[in-house]
Amino acid sequence: MSTASSFSPIRPKLPASLTSGDDLADNITAAISLGSIAVGERLPSEIELAAEFGVAVATLRKSLAILREQEIVETRRGRDGGTFVTRIPFPTVAQVREFLGSTSIIELRDYSDEHCAVAGGIAQLVCQRALEQDLVDLTEQASRYPDSDDLTAQVSWDNRFYVQLGAESQSQRLMRSQMRLQSEISTLKWSPAAAATSAEQARYDRIEIVDAIRSRNPERAEATISNHIRQTTYRIIDVKLTLDRIPERSVDA
């Protein structure tokens, strides 16, 4: 199974309302949201992170300072010190509404087209390349819930499955694209102000995708995962259309 570094640059395309304004900080935040590292775990050293992103240590420290201000990480001194994840970031309802207000239906459909192309290609390759034990592991991950009922934990768990699916394709390029696309959609997929996906629905979708892949039928696998992506996009578009028809005062009430 091919894997990518936890903090490989994925450069998510997000509007200003959902970013910090610092590309490096946003990359680290995206990796945390994708489940690359859990709350309470320590980030790689500053030297390792700087090398991973190809920046100077001084530049990295400025980005970490932004994450500390947002209380996403904290730095501890001493023998067992380092920088630790303190929470998984998730936008407010107001931020999501601002996102939808600034995003056109054409842009949402374009995102869906790209994600279907990437995820569909991944599903087909996994059908052809994954070992049976890898599929057993994917099935277990698809079926389980995280220990916490917290929304951010559910988001992280779901994202981790799709990143793992990308790894099973044995294509680094497709996996990196999958990570970027997941980081862009997970907010809207799970937010109560957008698609409002439930943990049970997400679990059902994951199981259906793995079942299609385990059939070793590339066309069925591609169609299944693409259908779920499109259904999520349709729900987001429906919410956007509703918000566009509601006067601003009513939306903020």
Is there side-chain contact between [X] and [Y], with at least one heavy-atom pair below 4.5 Å?
| X | Y | value |
| --- | --- | --- |
| L135 | V210 | no |
| Y162 | M179 | no |
| I72 | I88 | no |
| P218 | Q128 | yes |
| R230 | C116 | yes |
| P89 | I32 | yes |
| R109 | I237 | yes |
| Q178 | V163 | no |

Donor-acceptor pair between [X] and [Y] side chains, under 3.5 angstrom:
| X | Y | value |
| --- | --- | --- |
| E208 | H228 | yes |
| S198 | Q201 | no |
| R235 | T197 | yes |
| Q133 | D137 | yes |
| R203 | S143 | no |
| E222 | S226 | yes |

Ignoring hydrogens and angles, tell me if any N or O in the side chain of [X] forms a donor-acceptor pair with the backbone of [Y] under 3.5 Å.
| X | Y | result |
| --- | --- | --- |
| S169 | G166 | yes |
| T83 | L43 | no |
| E168 | L165 | no |
| S112 | L108 | no |
| R87 | Q70 | yes |
| N159 | S33 | yes |
| T103 | F99 | yes |
| D110 | I106 | no |

Linked hydrophobic residues, L151 as query - side chain contacts closer than 4.5 Å: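 L151 clusters with F90, V155, W190.
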
Hydrophobic cluster of Y145, others only, ordered by chain and residue number, side-chain cut-off 4.5 Å: none

Between [X] and [Y], which heavy-atom pair has the shortest distance, and what is it?
| X | Y | result |
| --- | --- | --- |
| R144 | W157 | O-NE1, 3.1 Å |
| S183 | L34 | N-CD2, 3.9 Å |
| V239 | A193 | CG1-O, 3.2 Å |
| R216 | L131 | NH2-C, 4.0 Å |
| K189 | I236 | N-CD1, 4.4 Å |
| V96 | P91 | CG2-CG, 3.9 Å |

Test: D158 and R206 ion pair at under 4.0 Å: yes

From L49 atom CG to L64 atom CG, the distance as rounded to the nearest 0.5 Å: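 So the CG of L49 and the CG of L64 are separated by 6.5 Å.
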
Euclidean distance, T59 OG1 relative to F53 CZ, rounded to 0.5 Å: 12.5 Å

R129 atom CZ: more than 12 heavy-atom contacts under 6.0 Å: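 Buried by this count: over 12 neighbours within 6.0 Å.
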
Crowding at CD, E132 (>12 non-hydrogen neighbours, <6.0 Å):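 Enclosed.
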
Chi angles and distances behind the salt bridge (charged side-chain N to carboxylate O under 4.0 Å, His left out) call for R76, D80: CA-CA 8 Å; R76 305 171 192 167; D80 296 322; over 6 Å; no

